[in-house]
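Throughout, numbering of the chain's residues begins at 1 and tracks the sequence.
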Amino acid sequence: MVQADIGIIGGSGLYKMDALTDVEEVTVDTPFGQPSDALICGKLDGTPVAFLARHGRGHRLMPTELPFRANVYAMKSLGVKYLISASAVGSLKEEVKPVDMVIPDQFIDRTKDRVATFFGEGIVAHIAFGDPICKNLAATLGDAVDSLDLAGVTLHRGGTYVCMEGPAFSTKAESHLYRSWGATVIGMTNLTEAKLAREAEIAYATLAMATDYDCWHPDHDNVTVEMVIGNLQKNAVNAQLVIRDVVRRLTANPPDSEAHSALKYAVITPLDTAPEATKDKLKLLLDKYM
Ligand SMILES: CSC[C@H]1O[C@H](OP(=O)(O)O)[C@H](O)[C@@H]1O
Ligand SMILES: Nc1ncnc2[nH]cnc12
């Protein structure tokens, strides 16, 4: 099986990486079902990476339908240690304008219809999630963005990403509420992925690219898919430059991450008495603790 230390999940507008060489499509089956699509494995400037189109190529899956567990498990099964998400987000702050980049460091959970854990069925784990994003991976990602000096793009390091269920966009009352909470951007995917990545001991960071001002801004139209995609086509070009640069940096200097030992103090169920079937299902995550 192909192996890669670095995984990339491309969101709305980013369905492929043009610079990939030695490309191989890998279909992965997991105990949590099939990922959104085949993993596109290849090399970026010589470094093996695995790319996954979050909504599938052709954008077939809405946020609630995403097989988040299968996606993260599939990355883990290829050996991924660093997972970078590229995502479209609505801006909740005046100073974050469309095409700006945000590297969030916090989330607010407004999802209600998805499973965000690998555990259960006899094995209970509670991961620490106070700092849901890997600080070192986020810093490397920020350095990559800064070094590129992309025209018209301001980088915002840090910020809170509200993860809503969707698929409908927010009401104005909701959008104003999130602003009153001090949130920075809004999307529908990254919190769930970040939780599962942490459970899988994978360092996770998000390159969030603003596409709209959601529906709170008096001088801007309410968000539409047309608006999102229009801006994300510009963002997709920038995102690929950033990803290429961050992969170079991670290859030269793979950072430490607290995520890599996230399960050390998280599993409360004694594994020696836990159900064999669940241990088998979670072997990829728990092997080093058994
Ligand atoms: C097409 S706009 C809404 C859609 O875009 C974002 O997706 P992703 O995070 O995969 O880029 C947002 O979360 C929604 O799923
Ligand atoms: N305004 C918005 N709300 C939720 N998800 C989004 N993705 C892009 N823009 C968004």
Side-chain angles (χ1 to χ4, degrees), residues 3-9 47 49-50 52 68-69 71-87 101-109 111 115-120 123-146 155-163 183-185 187 189-208 242-243 245-269 271 282-290:
Q3 292 285 294
D5 279 356
I6 303 171
I8 298 142
I9 300 190
T47 299
V49 302
L52 175 65
F68 287 103
R69 294 191 294 179
N71 289 352
V72 173
Y73 190 101
M75 288 286 178
K76 181 78 181 177
S77 71
L78 297 188
V80 166
K81 297 185 178 62
Y82 304 98
L83 186 55
I84 294 167
S85 156
S87 272
M101 295 181 171
V102 181
I103 302 179
D105 56 2
Q106 284 297 328
F107 289 107
I108 292 174
D109 191 357
T111 66
V115 183
T117 180
F118 291 108
F119 292 92
I123 303 185
V124 179
H126 302 282
I127 46 149
F129 205 52
D131 293 302
I133 293 288
C134 170
K135 285 193 176 80
N136 296 341
L137 183 57
T140 310
L141 186 57
D143 293 347
V145 177
D146 273 343
L155 169 66
H156 307 264
R157 291 188 192 236
T160 298
Y161 174 125
V162 176
C163 191
T184 315
V185 293
T189 58
N190 276 233
L191 166 76
T192 318
E193 224 164 67
K195 271 191 185 158
L196 292 162
R198 181 62 57 84
E199 285 191 353
E201 300 191 320
I202 298 174
Y204 184 89
T206 296
L207 179 66
V242 172
I243 290 165
D245 196 275
V246 78
V247 166
R248 275 193 220 114
R249 287 167 191 271
L250 293 173
T251 306
N253 263 319
D256 291 338
S257 178
E258 288 179 7
H260 292 156
S261 54
L263 288 181
K264 193 166 177 192
Y265 303 113
V267 182
I268 191 160
T269 311
L271 290 178
L282 297 177
K283 193 167 159 31
L284 183 65
L285 312 187
L286 291 176
D287 221 9
K288 74 193 225 206
Y289 301 108
M290 291 206 270

Validation row, ring centre Tyr82 to ring centre His260 under 6.0 Å: yes
Worked check of side chain to side chain donor-acceptor pair (under 3.5 Å) between Thr160 and Thr184: CA-CA 5 Å; Thr160 298; Thr184 315; 4.9 Å; no
Working to the nearest 0.5 Å, report the span between [atom1] of [X] and [atom2] of [Y].
X      : Y      : atom1 : atom2 : result
Ile133 : Asn190 : CD1   : CG    : 7.0 Å
Leu137 : Ser257 : CG    : OG    : 7.0 Å
Met75  : Ile202 : CE    : CD1   : 8.0 Å
Leu141 : Asn136 : CG    : CG    : 12.5 Å
Asp5   : Leu78  : CG    : CG    : 11.0 Å

Geometric class of the Phe107/Tyr161 ring pair [parallel <30°, tilted 30-60°, perpendicular >60°]: perpendicular
Donor-acceptor side-chain pairing of Thr206 and Ser87 below 3.5 angstrom: no
Flag if over 12 foreign heavy atoms under 6.0 Å of CD, Glu258: no
With sequence neighbours excluded, residues passing side chain to side chain donor-acceptor pair (under 3.5 Å) with Tyr289: Glu201
Set of ring-ring contact (aromatic ring centres under 6.0 Å, His included) partners for Tyr204, sequence neighbours left out: none
